[in-house]
Each structure stands twice: as C-alpha cells, then as structure tokens.
Amino acid sequence: MTKHTSTCTVDPRIETRTSALRNIDSYIENSRNVDSCIASSAIAGPCKFASALFLMVLFFAAAGCGERDEADRQTGLLDGEGVAIEGAWARPGSEGGMSAGYFLITNFDTEADTLVGASSEVAELTEIHESYEREEGMMGMRQIDRLELPPQSTLRFEPGGLHLMFIRLQENLTVGDEIEVRLQFSSGEEQSVTLTVQN
Amino acid sequence: MIHPAKILITAALLLALTSGCTPQNEEQPGFSGASFQMVNQQGENIQFPDDFAGSPVLIGFIYTHCPDICSIITARLHQVWDEMDRSDEVQFVIATFDPERDTPDVLLDYARNFGMDNPPFTFLTGEPTEVERLMEMAGVRSEISERRETESGDPFYLIDHTDNIMLLDEDGRLVMDYGGSMTPTHILVEDLEEIL
Ligand SMILES: [Cu+2]
C-alpha cells in the first residue's frame, strides 16, 4: 500500500496532497530566484542548510538548467540581457478549439518587468492564464492581467500552472507546426516568441 | 532568502507525497452493476462499463476546451499505454463532462491531436442527462466558472472541475481514484500491472 504515492480523491487527504504537489511546483517555479541567493554565497547559517536542501530539490526537479546556474555561481548574476524565452511549445489543437502554450521566461534585468498580455494570429483570443485549485480538489483556470517578472528571475509556464491560452484556434495546430506569439510588456515593448507544437 | 520553516514544510510535503494512498473499499463500488448509454468518438453507441467488461479500465475525465489540466490527463493515459508492456490488455477511456460542446466529432478531432483516435482508446460523450448520471456516480464534479463572448460574439465558457483518473477492474469496480493530472505515470503503470 505504501507504494501508492499518488493522490486519491475520495480520501480527504487528497486535496492536501494535490495542493502539496502544486505548491512544490510553484516552489520550484520560484526557485530560480533562490538560485541567485545561493550563487551570491552571502548566505547566513540557516539559509545555507536550507539552500543545500533546496539545491537537492532543484537538482532533481530542474535538471537541464545547469549551464546558466554555473554562470550564476561565478558572477552572482544571471548572464543575459532583457527578457528571454526558452523551450517554447504549444499543444496541438483543432480549428475552433483551444490550445495552451508554455515556456520559461527569464528577466535578466536588475529591475522588475511586467507581462501584460499576448497576441497571436492563430487564435481569436490569446490570454495569459493560470490553472489553480479553487477548493476541495476543484481545478479551475483564470486569466492573469499582469504578471510581474521580478529582477533576475525565471518564471515557468508549464502544464498545470501558468500557460498561454489560445481560445478559438483559427487553424489546426499539428505536431511540428510553429506559431508566432507576441508578448506585451508594461513598458509598451513587445517580444516575439516562436512556439513549436508538440505533445 | 528561504525561511527554514519553508524547508520543513517542503520536507513534510515530500514525506506526505511518498506515503500511502488507501485503495477503494466496498463503500466505493465504482460502476459495477450500473450501466450508461454513451457515444464514442466514432458516433457509435457504447454501454459503459458493460462493453469494457473483461479488461481493466483506466478512465480520465475531461472537457476538450481545457487545454491545460485536461491535456495533462489525456496525455497521461497515452503515456501509461506507451510505457506498459501489456497495454493491449487494458482499455483506456476518456469521458467528457461537457457533452454540449464535446460531440463525437469534437472528441475525434481531440483524440487525433493526441494520437489516440484508435483502440485501445475510447472517448465518451452522450446525452447530457446520461453524462450527468455517469459523473455523479463517478464522483466527478464540474461547474461553469466563467461565461463570456469572444470577439466574434460566440459564447464561450470555462468549467471548474475535479481532477480525476480512475482505475477500474475487469468488472467495473473502482480499484483506485487518483488526482488525475499530477499522478506520476509509473504509479498508474504499476497499479495496472498489479491487477492484470
Ligand atoms: Cu487556460
């Protein structure tokens, strides 16, 4: 019985466990900030212990971002300029239907930036959304009007959390297709992103 | 900077995640003895769970206008099929709780997008009252959360819903009810292999 590490909806504990998973996820999402905390090496005692533990979690959860982390440790700063997007992809979808888009967005600046919207030719509406647990295991999603990108941090758009929501697709999206999305920032600047359709 | 308390919480959460989940008992008969008149993605009549008797069934509950959470559930069933050695002995079912929009044609398109438009994958919809009856028995809850119009004036709504994947035995009895989207694939594979 102990092998069941999954959640169990009729069990009242399930909500807790589902939230637990989601919390850890969002924890990991926010963890790139923590990276710079670790990198800066100006860490007090308890934080060191915390960081060590957290690094372990990060190591298993966020494998694949090692190169930049290495750079961080040397300079104490994320190495890059402005806002950068990596690993952008979207779900396949049918004309008239929906799709979701995901990516990592990193703000390399030392000042916060704010994502205020997105637009795309492929859908009637392109919105910034977040899936969340409303209550008692009820999952919902909501539109996010403004998403702050703290300085020197990465936010993770990923299944089950933040996503670009494509409402009423104007065309079929099939695996291998590439779609263009323009992200709008509070500064008035726009940035173009190419998402690859995959499952 | 991380507060030590947060680490304790994280550790506790990790422990909680790796602790046990009780299988269903007799109070949770699942679908055994019940029967629902449904329609699959090909528009064919399907009696659920009767038509699946003899095979374990892994069933997920979705609506196709939900590209985030519900896509995870659908893709999860595909992953389980992909990773299992004896997947030909299992039936994989995706049932919609949005029969108004999820017609057989819509489900077929959706299934194709996931490479799941052929057996052993079955997508189920039906008359709204029958779908409602099925969801009630499954303990799947859903309610419209947001209703608005797109620029072209078409009505559009989102649905809040519970996040479920369930494992049924060859007689339609509930073996396990999982938090759908977040359940790791290998857990589902292990549980299925155990009852095969
Ligand atoms: Cu959404």
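Only heavy atoms go into these numbers, but all of them, side chains included; no hydrogens, no water, no symmetry mates. Within every chain, numbering begins at 1; the chains are lettered A, B, ... in the order of the sequence lines, protein sequences first and strands thereafter.
If you measure heavy-atom distances from A:Y102 to chain B, the contacts under 4.5 Å come from the side chain alone. For a residue to count as touching a neighbouring chain, one of its non-hydrogen atoms must lie under 4.5 Å from one of that chain's; by this rule B:I159 touches chain A with the backbone only. Neither the backbone nor the side chain of A:T174 comes within less than 4.5 Å of any heavy atom in chain B. Contact annotation for B:I72: both backbone and side-chain heavy atoms come within less than 4.5 Å of a heavy atom of chain A. Residue contact with chain B, scored on non-hydrogen atoms closer than 4.5 Å, involves the side chain of A:Q143 exclusively.
Ring to ring, B:H161 and B:F61 are not that close: their centroids are 6.0 angstrom or more apart.
Comparing B:T64, B:D109, B:V106 by how many heavy-atom pairs each has under 4.5 Å with chain A, the most go to B:D109.
Stacking of B:R101 on the aromatic ring of B:Y63 is not recorded, the 6.0 Å distance cut-off and the 45° axial limit not both being met.
Residues B:S181 and B:D163 have side chains that bring a donor and an acceptor to within less than 3.5 angstrom of each other. Looking only at atom types and distance, the side chain of A:T194 has a donor-acceptor partner in the side chain of A:E180 under 3.5 Å away. Side chain to side chain, B:Y110 and B:T74 meet the donor-acceptor criterion of an N or O pair below 3.5 Å.
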